[in-house]
Each structure stands twice: as structure tokens, then as C-alpha cells.
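So that the names make sense, note that chain A is the first sequence line, chain B the second, and so on, each numbered from 1. Just so it is clear, the structure is predicted and the values come from calculations on it, not from any experiment.
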Amino acid sequence: MSTLHLVRQSAFASNDFAQCLSVLDHQDSVVLMDDGCYNLKHPLMDSLIKRVDGSVNINVVVSHAQARAIEIITAVKAIEISDVVELTFTHKKVITWQ
Amino acid sequence: MSTLHLVRQSAFASNDFAQCLSVLDHQDSVVLMDDGCYNLKHPLMDSLIKRVDGSVNINVVVSHAQARAIEIITAVKAIEISDVVELTFTHKKVITWQ
Amino acid sequence: MISIEQQSSSSAQANGLAIINSKAPFSSTHGKDALDIALIFGSFEQKVSLFFQGDGVYQLIADQDGSLLAIKDYLKTFSAFEFYDIEDIYVCQQSLSNRQLDENFHIDEVKVLSSIEFSAALNRHQHVLRF
Amino acid sequence: MISIEQQSSSSAQANGLAIINSKAPFSSTHGKDALDIALIFGSFEQKVSLFFQGDGVYQLIADQDGSLLAIKDYLKTFSAFEFYDIEDIYVCQQSLSNRQLDENFHIDEVKVLSSIEFSAALNRHQHVLRF
Amino acid sequence: MKTLAVVITTPPYSHLTITALTYVEAALVAGINVIGVFFYQDGVMHANEDISIASDEYQAIAHWQRLQQQYQLPLHICITAAEKRGIACDAIDNDKINNAFTVSGLGELVELTTKASRLVQF
Amino acid sequence: MKTLAVVITTPPYSHLTITALTYVEAALVAGINVIGVFFYQDGVMHANEDISIASDEYQAIAHWQRLQQQYQLPLHICITAAEKRGIACDAIDNDKINNAFTVSGLGELVELTTKASRLVQF
């Protein structure tokens with residue numbers, strides 16, 4: 001796998017998530033964390049899930065979503081911060097979108 | 001006149017300008033300053049100019065636009081910071097979008 | 001439109017401070033900083049109204065729990081608004097629906113307003129701060 | 001798509017630091033903070049490449065003049081990139097066209113890339129920072 | 001009488017502060033009664049006596065000091081915000097606080113807001 | 001050997017810092033060699049000895065100190081960023097700097113980046 005994208009901002013407030021998606025490769029993984037969890041309900045998310053057709057691995061930090069009362073959808077994997085550490089080393093590099 | 005809106009952020013990066021426009025009244029005035037000057041080239045600007053049909057007074061701080069190499073369009077009035085002070089008191093209140 | 005013009009031209013009624021909350025609750029201190037101002041105005045018996053727009057609407061949503069993030073959850077303090085006579089709490093309907101959020105809030109007395117009503121309610125205040 | 005896969009899978013070539021600039025130049029210090037890192041990497045003879053995306057593309061546009069804002073114009077320092085052997089400067093074409101900007105830059109050697117090329121160029125680096 | 005209160009939330013190393021300073025000075029020059037500037041959030045960093053900005057950069061703090069002296073402009077910093085940023089751990093006789101600034105509580109903001117005919121935030 | 005360098009740009013009163021701390025601690029617990037944390041931009045505020053965060057709020061600075069002691073985790077603050085924020089006006093024997101932190105230049109970031117197999121920014 002290639003790049004791990006840590007998405008920490010709401011796409012409703014800033015265009016960081018859109019920038020992330022514009023460079024996303026099909027081997028990459030995405031982690032929604034902090035305010036990035038809000039993106040589960042953003043239209044960009046729907047297009048991401050459709051576009052990648054399951055090839056991009058999409059994750060969300062479960063405590064960050066729960067704290068915000070956001071339901072985790074089935075297309076997305078619920079993970080812990082310790083899993084983010086593991087993903088850091090199963091990918092070649094990390095880009096943080098904050 | 002009613003409210004003076006100071007717009008200091010780029011609508012390409014954040015949704016503050018969109019929020020400003022959603023509460024804009026037809027008696028209000030807008031001042032584009034700092035990174036708000038970039039909004040002269042944003043699609044929201046076209047719709048604002050069309051929508052208000054000349055009733056909303058749209059201004060831009062000229063030094064802030066010039067520093068950014070942004071051309072000032074004719075639908076918008078070029079002003080100085082001292083004019084912003086004057087507008088502060090010809091309107092009933094000020095909202096800063098930053 | 002007539003009712004709005006009446007409201008915004010009735011400057012005699014314009015009073016107090018409106019605070020617009022525009023940021024989500026947990027990643028920045030903006031919400032807490034705005035709350036501190038609201039409570040001080042309340043304790044000085046000065047009129048203050050709270051507006052929630054954009055990502056600020058997330059501050060009102062029910063079933064949140066900042067303690068999962070090791071954050072002291074300032075949202076719980078919203079329940080003190082009644083004690084401080086802070087009664088005017090407005091949320092932008094458009095911002096809620098953009099975010100696919102239900103009108104399910106963790107405090108009572110939240111008034112859901114259309115953009116035009118939201119604007120008109122803002123206009124009834126003398127001063128505005130935004131966080 | 002084949003050429004991209006080849007590039008991103010050639011991990012032996014991945015080296016150096018990529019810095020993504022995402023903020024406009026004058027209202028925050030992000031651009032200057034990123035520049036300071038780039039120049040240090042250059043002076044230590046470490047490979048560093050600069051990427052401009054989103055509002056970051058405004059940092060490259062010609063005819064700007066921070067002195068009109070009483071700002072010490074750090075953009076002028078971009079002309080030192082050659083001296084520091086910083087040669088790989090990439091800008092996102094989509095970000096330029098969204099902002100109705102011409103490809104008129106205040107430094108030479110800026111490479112305008114499509115999103116796919118921009119992504120592939122990023123992939124050739126070992127580490128990425130973003131400001 | 002035109003009375004103005006100003007709230008500053010950006011730190012001295014932000015260029016957004018230059019716009020705020022230019023605005024406040026323009027108001028003073030125009031004869032407007034600026035009843036006070038209230039520094040909140042990162043704005044309180046202006047009162048940190050130990051801040052050193054490169055001499056060829058804009059000296060926001062020196063400009064606030066100048067306005068305070070020239071126009072007796074009251075500059076208030078919010079003590080809660082200051083403590084969070086390592087400035088006002090003890091408010092009396094604190095040599096970390098630039099003496100152009102007064103350590104105040106949010107009650108001062110209430111007073112400024114009540115008295116001012118216009119409140120402007122930067 | 002998995003080696004990790006971390007860059008922190010958020011201040012101690014930002015909740016985003018909690019995520020960063022949780023991540024770094026999880027890496028240390030997993031046995032990863034965290035060769036250093038570099039504090040840049042507002043991140044340098046962590047080293048301000050005078051910061052006082054209400055006792056019922058998250059104590060980011062205390063947590064960094066704990067990780068530094070427990071794991072000999074090197075914590076570097078960027079001197080240029082620190083000076084702008086009123087912390088490191090004189091770097092030697094400075095009682096404004098929390099002694100868990102080392103005052104460094106950006107050259108340290110070059111070294112961390114060169115040595116680490118992964119670089120993560122928060």
C-alpha cells in the first residue's frame with residue numbers, strides 16, 4: 001500500500017478533505033479522525049465510497065466518532081488510535097490533512 | 001442601513017463567506033478585506049452581484065487586493081481602512097467573518 | 001419579507017449581544033471561549049443570545065460525550081443557560097440539513113430558524129461576536 | 001493510469017521531503033513556516049520539493065506586494081530556491097483554474113501538474129509535511 | 001458621541017493583527033472615542049513581555065504600546081486566556097506582562113460592550 | 001527497525017493535541033522507536049513553564065513530561081517559533097522552559113526526518 005491519509009478537519013468547514021481526495025491513489029488508505037469524523041455525512045464521502053469501489057481502505061477512529069454522536073457506516077472500518085500506529089507502518093508514508 | 005459585514009477569509013478555503021451571504025439583508029454592506037479579497041474571483045461573488053441587483057453595497061480594501069495582485073471588478077467599490085471606520089458608524093452593527 | 005423589514009428597522013428594539021458559534025465543539029476552544037462570554041453576560045444580567053451556524057450546530061447535537069476524548073465536556077454547561085436567563089438560542093435549519101442532522105438537541109428551548117429568520121433574529125441585537 | 005502505478009510502486013526512488021503548501025500567503029504564517037523548513041533542508045543538502053495546492057497556489061502568483069500591508073514579503077525569498085538546489089516546485093492545475101488564476105508565477109521552474117500527476121509526484125517522496 | 005470597542009483574537013505574529021491595528025489607529029485619527037481594546041483568545045499574546053519578533057518584521061506590540069501612550073487607549077487582556085498561554089500566572093506586579101496592558105476579566109468586555117455604540121471584532 | 005518522528009503544531013490548550021499524545025503513547029507502547037517529537041508553530045507553547053491549565057482540563061504538558069521520563073522520549077522545540085511566542089529569549093538556563101524540552105533549531109527536524117522511517121505531523 002502507498003499513502004496513509006489522516007483527515008482531521010470537517011469538509012463542511014474547510015476544503016482540506018477535497019484536497020486529500022484529489023491526490024488519493026487507489027492503493028491508499030484514509031483515516032477519519034477528530035473533526036474529520038463529520039465527513040461521514042458529507043457528499044464527498046458518498047462519491048469516495050462509490051469511486052473507489054472498495055479498493056481504498058476507509059477507517060474512522062471509533063472514540064472520535066462516538067464522542068461526536070456520529071453513526072459509523074458499514075463501508076467504513078471502526079479503528080482505535082493504536083491501529084493508526086500500525087497503519088503508519090503498513091503504508092509507505094503519512095499525510096495529515098489538518 | 002443595517003449590518004456591515006467584514007469578510008476576512010477566502011471562500012475557496014472555508015465556508016465563512018457562504019455563511020455571511022446566508023444572513024445578508026438587502027440593506028447590508030460587505031467589505032472584502034485580508035484573504036476575503038480572493039472572493040472577488042469566487043462563484044459566490046457572481047451570484048451575490050446578480051442577486052442583490054446593486055442594492056447591497058460591496059466594497060474591497062484596495063491595498064489588501066493590490067498586495068494579492070487581485071484586479072478589482074467594477075461592481076465593487078475600492079475603499080481604504082479609514083472608510084471601513086466610517087462604514088462602522090453608518091451601519092447599525094458590524095459582523096466579522098474570520 | 002415585510003415582517004423582516006419591520007424587525008430590522010425597529011432599531012429601538014435592538015439590544016444585547018448576539019454570539020454566533022461557527023465551530024465544531026471538540027477540536028478548537030472557540031465554543032468554550034464563546035460560552036465563557038455568554039455566561040459572564042448572563043451573570044451581569046446583560047441580554048445575550050446564542051446563534052449556531054455552520055459547523056457550530058454540532059455544539060447542540062444530543063448524545064455527544066467529550067469524556068471519550070479525555071476532554072472536559074463544556075457542552076454540559078449549556079444546561080445552565082436557564083439559570084443565567086439565556087433564553088434565546090437559535091440554530092440555522094439549513095446548516096442542520098446540510099449536515100444531515102436531526103433536530104435532536106441536548107438542551108431544550110432551541111429555536112430552529114430558516115436563513116431569513118436567522119438573519120432577522122441577528123438583526124434584533126446591538127452587537128455581534130462570532131467564534 | 002499505468003505510468004502512475006509504475007511511479008508509485010518504484011519505492012526505491014522515493015526520497016526526500018515533500019512540503020504541501022495549502023494556505024494563502026499573507027494572513028497566516030504557514031507559508032513562511034514551510035519556507036523556513038525548505039531552506040534548512042536545502043542548506044543541509046537534503047532533497048526537498050514544494051507542492052502548492054488549494055489556496056497555497058496564491059503563494060506563487062506574480063505581481064504580489066506584501067509591503068503594501070506592512071508585511072516583510074517572504075515570497076521574495078522564493079528566488080533563493082535555485083541557490084539552495086530546490087528545483088522541484090509543483091502546482092496543482094485544478095487549484096489554479098478553480099481560482100481563475102493564470103500560470104503567471106513570480107519564480108521560474110514551476111511545474112503545473114494535473115491532479116493525477118500531482119499525486120504521482122507526491123508519491124515519489126519518503127515524507128510529507130503540510131502547512 | 002461615536003464610541004467604539006474592539007476585540008482582538010489574533011496573536012502578534014499574525015498578519016491579521018496589522019489590519020486590526022490599522023483600523024484602530026484610523027478610528028483614533030478620525031476622532032472616534034475608542035473606549036477600549038479587549039484582547040481575547042490568542043490576542044492576549046500581545047501582552048507577553050518576552051516575545052521577540054525579528055526586527056525587520058511588523059512590530060505589532062510596539063504599535064499597540066504607541067497607541068496606548070499617544071491616545072491613552074485602554075488595552076485589556078483577558079486573564080483566563082492569558083493564564084492558558086503562560087502569561088498572567090500572578091496578575092499583580094507581573095514582569096511578564098507588558099505594562100501597556102491591563103489584566104482584566106471578561107466583566108470588562110461586558111462593560112465595554114454595554115458602553116460602546118459599536119463593537120468590532122478582529 | 002520501525003523508527004518514527006513526530007511533528008506537533010498545535011498548542012497545549014487545543015484538543016487536537018490529545019489525539020497526538022494518544023498516538024505517540026500508543027506507538028511507544030507498541031515498541032516503536034520514536035526517535036523524537038519536534039514542536040513547531042504553536043506546538044512550542046508546550047514548553048512554556050508558566051502555562052496554567054485548569055486542573056480539571058486535560059494536562060497535555062504533564063503528559064509529554066511523563067512520556068519523556070518514562071521512555072526517554074526526546075522533545076525538541078523550535079527556537080525561532082519559541083521566540084515569537086515569548087518562550088526562548090535566551091536559550092541557556094532559561095527558567096521559562098519546561099526542562100522536559102530541549103531547545104533546538106530546524107536542523108534537528110532535518111536530522112529526525114532523515115533518520116525516521118516514518119514522519120507524522122499533528
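Your options are B/Asp35, B/Ile70, B/Asp34, and the one with the most heavy-atom pairs under 4.5 Å with chain D is B/Asp35.
Taking CZ of D/Arg99 as the start and CG of B/Leu40 as the end, the distance is 14.5 Å to the nearest 0.5 Å.
Partner of D/Ser27 under the side-chain contact (heavy atoms from CB on, under 4.5 Å) criterion, out of B/Gln9, B/Arg8, B/Arg68: B/Arg68 alone.
Within 6.0 Å of the CG atom in D/Asp63, the count of heavy atoms belonging to other residues, nucleotides or ligands does not exceed 12. Counting heavy atoms of neighbouring residues, nucleotides and ligands inside a 6.0 Å radius, atom CD of B/Glu86 does not exceed 12 of them. Around NZ of D/Lys76, the count of heavy atoms belonging to other residues, nucleotides or ligands within 6.0 Å exceeds 12.
Annotation for D/Ala62 and B/Ala69: closest pair O-CB, 3.4 Å, computed over non-hydrogen atoms. The shortest heavy-atom contact between D/Asn98 and B/Phe12 is O-CE2, 3.4 Å. The shortest non-hydrogen separation linking B/Ala67 to D/Phe26 is O-CE1, 3.3 Å. Closest heavy-atom contact between B/Ser63 and D/Leu69: O-CD2, 3.8 Å.
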